[in-house]
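Indexing begins at 1, ligand by ligand and atom by atom, following the structure's order. Numbers here are sequence positions counted from 1.
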Amino acid sequence: MKVIDHIQQAKKTLISFEILPPLKGKTINSIYDHLDPLMEFKPAYINVTYHRSEHVFKKKADGTFEKVEVRKRPGTVGICAAIMNHYQVDAVPHLICGGFTKRETEDALIDLNFIGVDNVLVLRGDAAKNETVFEPEVSGNRYAADLLHQVTNLNNGIYLEEDIRDGFRTNFCIGVAGYPEKHFEAPNLQTDLAYLKAKVDGGAEYVVTQMFFDNQKFFDFVKRCREAGIEVPIIPGLKPITSKKQLSVIPRTFHVDIPTDLSNEIIKCKTDAEVEQVGTEWLLQQSRELKKNGLPVLHYYTLGKPKVIYNVVKEIV
Ligand code: FAD
């Protein structure tokens, strides 16, 4: 079922979770162990992130180095199939531009359609680990809006192979990313919103946000989106802080602020167990306020911390 249909048919705020594919060498059981406790909350759908390959230098026997391409977390299509089959819940794979030609993307979309996936979250992806700016593949998509265009084309039966006439029309519901604190490359929020609007005008049916720790920033963002004519549902992305290290890692990695009240509380903590308690309580307060404001879905980044998410969600469902 499509995310947009879940939202339109819901009588209350829905819950969704986001997971990472397991590291190569682990099995699907690590996903089930992660998700099993969370399934009692009946998530409407589960997002599966995508992680592009990176180049690493491996030392050879003769002392020289060899550049090797490594994918640490493969298997998105398989994980979506496993989740849907094991839990009878919709999976939402993340599709990125980075590292893919349009042909590879088309093949991935065809595979996703074959296994019964109805949704995709389309993203640009970040620059590869060894690059400073994002560069698309030759004959790949540059922006999320371009990837979105490719998916809508397939939804209209338009394939890259021009000799496919009257091709099967896929029916993917397409979500896109939005940034309450602005995407870090955008010169200002206004410009960023104009590009977000272009994604919505191009066929995106909902927006999921980057994490934020100050609900007011989310509410302001929604207001600015509405003023800019973005009328689709906007789903807040939520993540707990669980260690002191994250006070610097999160702003550096995700380009979001941590409010002073929260950072002061965390600085006072003597152990990460204490930080986890503070982070859980903060996320719970955020969730309660968002739910009170009638948000359609609360989307939790579970990333290795299912216990914290469990403790928060059990208080709000
Ligand atoms: P875009 O919408 O393409 O925007 C990228 C930048 O380009 C922005 O600054 C925008 O303002 C600007 N821009 C857009 N269109 C144009 C244009 N036509 N001309 C000039 N500038 C333009 N990354 C992963 O690798 N895997 C994941 O699974 C993943 N999941 C994510 C889930 C969510 C909910 C979010 C919020 C992010 C996720 N990311 C993921 C990270 C994401 O890939 C990065 O934030 C990336 O840098 C931007 O992606 P985007 O889709 O927002 O890009």
Side-chain angles (χ1 to χ4, degrees), residues 3 16-22 45-54 71-77 79-80 91-100 105 108 112 117 119-129 131-137 140-151 174-213 217-218 221 224-225 228 230 232-239 250-256 297-303:
V3 168
S16 61
F17 297 125
E18 182 165 313
I19 58 158
L20 275 70
Y45 53 89
I46 293 171
N47 282 47
V48 181
T49 59
Y50 187 88
H51 301 264
R52 66 185 292 180
S53 53
E54 12 181 304
R71 253 189 88 197
K72 292 188 175 161
R73 297 177 184 274
T76 316
V77 176
I79 291 170
C80 288
V92 183
H94 293 192
L95 272 189
I96 63 171
C97 306
F100 285 95
T105 297
L112 290 169
V117 166
N119 302 282
V120 285
L121 186 72
V122 305
L123 303 143
R124 186 195 68 179
D126 283 320
K129 278 246 159 71
E131 291 169 7
T132 47
V133 289
F134 175 83
E135 280 300 335
E137 292 298 298
N141 290 301
R142 175 168 284 278
Y143 293 109
D146 305 324
L147 175 54
L148 188 139
H149 183 63
Q150 185 174 2
V151 183
I174 308 169
V176 290
Y179 301 82
E181 297 176 59
K182 172 183 105 53
H183 184 260
F184 71 104
E185 292 168 25
N188 51 62
L189 186 59
Q190 191 76 14
T191 311
D192 207 22
L193 284 180
Y195 290 128
L196 179 58
K197 180 155 188 320
K199 293 193 278 191
V200 172
D201 291 347
E205 293 182 80
Y206 65 98
V207 174
V208 194
T209 75
Q210 181 60 281
M211 69 189 69
F212 56 89
F213 298 93
K217 292 197 169 164
F218 174 80
F221 174 71
R224 295 278 300 263
C225 285
I230 298 166
V232 296
I234 300 177
I235 298 170
L238 295 163
K239 178 182 160 66
I250 287 180
R252 192 169 63 235
T253 313
F254 300 103
H255 311 276
V256 298
V297 186
L298 300 183
H299 181 70
Y300 290 95
Y301 299 116
T302 67
L303 313 169

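In terms of polar-atom proximity, Arg124 is counted as a contact of ligand 1, with an N or O under 3.5 Å from an N or O of the ligand. In terms of polar-atom proximity, Thr191 is not counted as a contact of ligand 1, lacking any N or O under 3.5 Å from an N or O of the ligand. On a distance-only criterion, Asp192 and ligand 1 share at least one N/O pair closer than 3.5 Å. In terms of polar-atom proximity, defined here as any N/O pair under 3.5 Å, Ala177 makes no such contact with ligand 1. Looking at ligand 1, you won't find any N or O of Leu121 less than 3.5 Å from one of its N or O atoms.
Ranked by closest heavy atom to atom 13 (N) of ligand 1, the top entry among Tyr301, Phe134, Tyr195, Phe184 is Tyr195. Of the candidates Leu95, Asp126, Val122, Val48, Asp126 brings a heavy atom nearest to atom 44 (C) of ligand 1.
There is no protein heavy atom closer than 4.0 angstrom to atom 4 (O) of ligand 1.
Atom 42 (C) of ligand 1 has as its closest protein heavy atom Tyr179 OH, 3.8 Å. Residue, atom and distance of the protein heavy atom nearest to atom 25 (O) of ligand 1 are Tyr50 O, 3.6 Å. For atom 30 (N) of ligand 1, the closest heavy atom belonging to the protein is His94 ND1, 3.0 Å. At the shortest separation from atom 8 (C) of ligand 1 among protein heavy atoms lies His183 ND1, 3.2 Å. Considering only non-hydrogen protein atoms, atom 40 (C) of ligand 1 sits nearest to Leu123 CD1, 4.0 Å. Protein heavy atom nearest atom 23 (N) of ligand 1, with residue, atom name and distance: Gly125 CA, 4.1 Å. Atom 7 (O) of ligand 1 has its closest protein heavy atom at Tyr143 CE2, 3.6 Å.
Counting only distance, with no hydrogens or angles, the side chain of Lys199 and the backbone of Gly178 share no donor-acceptor pair below 3.5 Å. The backbone N or O of Lys182 sits nowhere less than 3.5 Å from a side-chain atom of Asp192 that would complete a donor-acceptor pair. Under the 3.5 Å distance criterion, the side-chain polar atoms of Arg52 are matched with a main-chain donor or acceptor of Asp126. The main-chain N or O of Val3 is found under 3.5 Å from a side-chain atom of Asn119 such that the two form a donor-acceptor pair. A donor-acceptor pair under 3.5 Å is formed between the side chain of Thr209 and the backbone N or O of Gly237.
In terms of the salt bridge (Lys or Arg N to Asp or Glu O under 4.0 Å) criterion, residue partners of Lys217 (sequence neighbours excluded) are, by chain and number, Glu181, Asp257. Considering only residues two or more places apart in sequence or on other chains, Pro74 meets the side chain to side chain contact (heavy atoms under 4.5 Å, CB included) condition with Lys24, Arg71.
Between Phe100 and Tyr50, a ring centre-to-centre spacing shorter than 6.0 Å is recorded.
Below 30°, between 30° and 60°, or above 60°: for Tyr143 and Tyr195 the angle between ring planes is below 30°, a parallel geometry. The aromatic rings of Phe218 and Phe212 lie parallel to each other, with less than 30° between the two planes, well short of the 60° mark.
At a cut-off of 3.5 Å, with distance as the only test, no side-chain donor of His94 or Thr49 sits close to an acceptor on the other residue.
Close to ligand 1: Lys199, with a non-hydrogen atom less than 4.0 angstrom away.
Close approach to Thr49 involves these atoms of ligand 1, each under 4.0 Å from a residue heavy atom: 28 (O). Close contacts between ligand 1 and Ala186 involve ligand atoms 9 (O), 11 (O) [criterion: under 4.0 Å to a heavy atom]. Atom numbering of ligand 1 starts at 1 in the shown order; those under 4.0 Å from a heavy atom of Glu185 are 9 (O).
Considering all non-hydrogen atoms of both residues, Leu147 and Leu95 come closest at CD2-O, 3.4 Å.
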